[in-house]
Structure formats: structure tokens, C-alpha cells
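What follows is a short report on a single structure.
Below, chain A is the first sequence line, B the second, and so on; all start at residue 1.
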Amino acid sequence: MGRLNATLPGALLAVAVALLPLTIHANLGVAAAAAATGTICLLGLLIPSLPLALTGAILAEIVCAIVSAAAPNGESFLASFGIGTVVLAFLVLTHSRTRGWGAPVTPDVLWADLHHMARVLLVATPGAAVVILFAHPLAAPATPLRPVLAVAGGLLAFGAVVQGVIAQARRSR
Amino acid sequence: MKFRLSPLAHALLVAAGWAIVLGIALGRPEPFVAAVPLVTALMIGSVRCDRVEFAVSVETDREVAVEGDDLTLNIAVQASGVTGPVQIVTALPSLLQQKSLPALIMPVAGAALSWRHLVRCDACGVFDVGRVGIRAWDLSGMWVGEQDVTRPARVTVLPRPTPVENPPRPRYVGSRLGAHASTAVGDGLSFAEIGRYAPGDRPRAINWPVSLRRQSLHANRFHPDRQADVVLLIDTLAVVGERPNSSLDHMLRAAAGLAMACLARHDRVGVLEYGGIARSVRLGTGQHQAERVLAALACATPVRTEWVLDLRQLPERILPRRALVVALTPLVDDRVVSGLCSLAERGQDVVVLALDTDALSVPMLHRRERHPLVRRLWRLERDERLRTLRRWGGRAVGWQPDRPLEAALAALNVSRFGRGPGPWGG
């Protein structure tokens, strides 16, 4: 009987989530943010708690977006695609840990997960190329609308995290 | 089984939403690119799973186990359609502990999959183990469904007998052959007296040295060995402590040990549950009786009640007049004391093993109740009940759950033929 130990690959992915913004632009502030992100992601993986892992993933996205906006060396599509991919894999692994609680996993389950990830990446790569072509028009709404969208996004994330925490508390009860 | 969105789908949705909102808020294309793998995963997993039904069968490797044993639950699952990983979770009673984690397995449509769960039996009782929960995901992990299944599967966990070598000696013995020396004179192994040789005495019983000295034939006489009737009375009116370390568990283990020891010396043993449910096992002997007694002990259940059994009204086949009554009780309820006193009053041979529940009760008590003064008052009440039982003629002794039962039984200090009460100890 095979066993899926997601801790080591999950920890590597958490480190990757934290380090990827540093490849865009490295300074002390970004390093501190990366350290905070990595810590939250690792905690989410080790507890395991999907809401905490999601918080870490969102923090990584924010850091990546802010660093991209502030970076002097132009656009960084490759690192952004990498962040998306790594966040996806990290969330799938954390989910695997939450549903299995360290339980034995048959090799069939492992292969099914890997197969699904490969299929997603196969479709996502050309998808990313298409998005790069049409990204500028997408990101061009009027400037006054941006704070409203940011607040709406913040509320959405907060609500989702609260809902996740409540759901986990119910399950544990 | 109906499928709903899994927590993973929610998480990916939120992460993708955040990336898109960030892209719009900052006016940058990079967050959109970061959202692509997340949105792709959501799109691929967005196709809802078909309705899938699971046929489940639950079997145990045996129907009877003993406290502390490990059981194996064999669960076979057959899915009617294609699904992703399936997790089998057993809903076990709290006194059965699952040793193996719920596994994730991949069923094949139409083919049966079996999984073994290792279960440890922490306490005795009769348990239903046929309730199984099935949680299934689709291949993408975005959809999850749950189904509860109940199958008839029952396990009887017998109490593990406490080692007892010297059970209490009865005052009265029966008429059948056994291990107790009767007060009468006849065939047996225990020497009684030397008397004049009389017709009917065996020639081999002639005591030649005495006969030569007395110039007439004298023969040795013996006490015939007879069996006794022992009724184990289990007080289920009150339980102190939490299972599997409650007063009931300690009493059942001790009762099982006493029953085994008495049956080993060929006594007839019966069981009487003194509580809300008056269950009894008629007197009997042999291996089958041992099984009956242990099964009855496993069924013992505490039930709160205002009604109690009048022990004096019990029929002779359940509680014979000359039977030794061994009562195991935490001595919490006054009704037990009055019931046992009424038995002792009518001349019944009553032995009371009163379990000291002080240590067992501590985890259940509130802060104020743990005060030494409160516990000392309870101890005084308990001592008073013990004294009452002794005053009425019962042989009552205290028994610490963390000490061997033999120590309490030794304190009973019954004389060889059960004539004198002796110092009761306790």
C-alpha cells in the first residue's frame, strides 16, 4: 500500500510561494513579506488548515502584484504564471492533507492527483499566453474604480476565510 | 450520493478572484496571468459529478472480543459509477477506538474494494459497529459527496477478568460434589475427626495406630467436599467515573474474575444486575455458564431509576436462600445498602465488596466538589454505610481500584468452615 506524504513537497511549494516575488525584485521589504508569507503557508500546511494556506496564498499574490507594479525592470509574466501554478499546487496538496489527515493513500489516488495537475498545466500554459495578449485592456478600468474594487476584493477574501474557519470548526465538532 | 463544491474549489475561487481584483485594482496584467492556472483548474473541475451510489458491507473478524483486544472491521465498498478518491470513515461508539486512520482509496466502477479498519476495545459492552460514513471526491477534487450507511454488525466485548485465586468462602454449601469442605461428616479429603469404627465405614479409613492404642477399631472421618451457590450482584444504580475507568468497569472486571474463580472450583454461579434493569443469569456451572455470565456482565448498563428490585421477593431459582451473595457496589446509593441489609437479616450469606470511588470521581467533579472537606464527608458517609452492612451481618470490605482484588478478599478473613465472622477488615 503506497503512502502519500505531502509534507515535504508541500513545504517546498510553500518556500517557492514565498521566494517567487523575490525573483521579480529583491529588497529588504520584499524579503520580510516573503518570510511572513512562507511562515503562514507552512503553518497552513502543517496544521493542516486550508483557510490558513489560502491566506498565505493570497498574501503571496498581493506581494507579487505590488512588487510587479513597483518593479523598475518592466513586466514579469513568467514569475506571475509561476506564482499561480505554485499556489494551485500548494492548495491542492494542503487539501490532500486536510482530507487525509495523514491517512494511507493508495497509489491510484496519487496518480489521479498528478494526472489532474498535469492536465491543468497543459491547458493553463496556452491560456496564459492568450491572457498576456489581452491583459492590458483587461486591467484598464477607470482609476477611481480601483479603490472600490480593492475594498470589494478584501471583503471577499475576509468572508471566504471566515467561512472556511467556521466550516472547519463545524467539522471538528 | 449528491456532490457539492469542496473546500478546495472555494479556496481556488477565492485565490483566483483575488488575483483578478488585484490586477484590476493595480492596473497591471501580471495578476491576471497568475490567475490563469487557478481559473483553468476551476474550469476543468466545474463539470458536476454524476450521482453515484455505494453498496457497502461491514463485517467483523469475530463477534465476541475481550476488553483490550484488537478487532478488525472489514468494509467492502462498490461504487455504481466513476468517482475520484473515496474515504471510508467508521462511526464507532466512544468505547471502541479506531487504531488505523481513514484511508483514501480509488474505487473502480462496478468492482468491489475492501478495506480493513483496526479497532481497539477499550471497555466491555455490546456495540453496533455497522455505521459507516463514505466521503467521495471527483477526480479534480472540486466536488465532494457524503453518504451514511448502517449495516447490521454487532460486537460483544466481554470484561477482562481480574485475577482472583481465593474467592470468598461460603458459609453454606450445597448437596453436590464440589471443592468446599462441608460441616457434615462423610466422604471427602478434609480430615474431620476420629471415631469408633461403625458398619459402613471403609476399611481403608481405619486408623491403625489409634485402634492399637485403644484396643478397638477406630476410623478417620472426613468432611465431604460440596459445591456452593454464588450469586454475583452488580450494583448498576449509580456509576462513578468515566468509562473505561468507571466504577462499573472495575466492578465488571472483578465480577468476571470472581465468576471464573468460583466456576473453577465447581461452584454454581449466577449473576444479578441490581439497577433500573433487573437482568439475571440463573445458577449454573461449567464452560457454557462462564460464557453466559461474561455475556451478561458485558450487557450491564447503568439506568437511573426510582424503582428498585426487592431482593427478598426474588425466586429461589435466581437467589437461593443458602447462596453466597457477593455484591459489588460503589456504595453510593442507600437503596443498595437497605436491599443487602434485608438479605443479611433473613440469614443470607452476604459479602459486600465496596469499591472506593474517591480517585475515580475526581475527574468528574467541579472545583468546589474537589475540596478535601467535601470528599472527606463522602468518605465518612461511605464508611457509615459499610458499618451498617456489618451491623446487619454482612461481610463488608472496602476495595481500592488501584490495588489487587485479592488484598480486599484476604481482608474478609473467613474461617475455614464459615462459622465465625471474624474481623471483617475494611
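For B/Ser140 (side chain) and B/Met142 (main-chain N/O), a donor-acceptor pair under 3.5 Å exists by modelled atom type. In terms of modelled atom types and a separation under 3.5 Å, the side chain of B/Thr236 and the main chain of B/Pro302 share no donor-acceptor contact.
In this structure, B/Met106 and B/Val86 have side chains that are not in contact, with every pair of non-hydrogen atoms separated by 4.5 Å or more. With contacts defined as side-chain heavy-atom distances shorter than 4.5 Å, the pair B/Phe32/B/Ile24 qualifies.
Under a 4.0 Å N-O distance rule, the pair B/Arg120/B/Asp70 does not qualify as a salt bridge. Using a cut-off of 4.0 Å between Lys/Arg side-chain N and Asp/Glu carboxylate O, B/Arg4 and B/Glu146 are scored as salt-bridged. Using a cutoff of 4.0 Å between basic side-chain nitrogens and carboxylate oxygens, B/Asp69 and B/Arg160 are scored as salt-bridged.
Contact tally against chain B (heavy-atom pairs below 4.5 Å) for A/Ala129, A/Ala53, A/Cys64, A/Ala69: the top residue is A/Ala69. Contacts with chain B were tallied for A/Thr125, A/Thr94, A/Val123; A/Val123 has the most, counting heavy-atom pairs under 4.5 Å. When each of A/Ile66, A/Val92, A/Leu91 is scored by its heavy-atom pairs under 4.5 Å with chain B, the top score falls to A/Leu91. When B/Ala41, B/Ser6, B/Ala34 are compared by the number of non-hydrogen pairs under 4.5 Å with chain A, B/Ala34 comes out ahead.
Contact of B/Leu22 with chain A is made through the side chain alone, with heavy-atom distances under 4.5 Å. Of the two parts of B/Ala35, neither the backbone nor the side chain holds a non-hydrogen atom closer than 4.5 Å to a non-hydrogen atom of chain A. In this structure, chain B has no heavy atom under 4.5 Å from any part of A/Ala57.
Contacts between residues 81-90 of chain A and chain B, defined by a heavy-atom separation under 4.5 Å, are made by A/Phe81, A/Ile83, A/Gly84, A/Thr85, A/Val87, A/Leu88.
Checked by atom type, the side-chain pair B/Glu63/B/Thr156 shows no donor-acceptor distance below 3.5 Å. No side-chain donor from either of B/His117 and B/Asn74 sits under 3.5 Å from a side-chain acceptor of the other.
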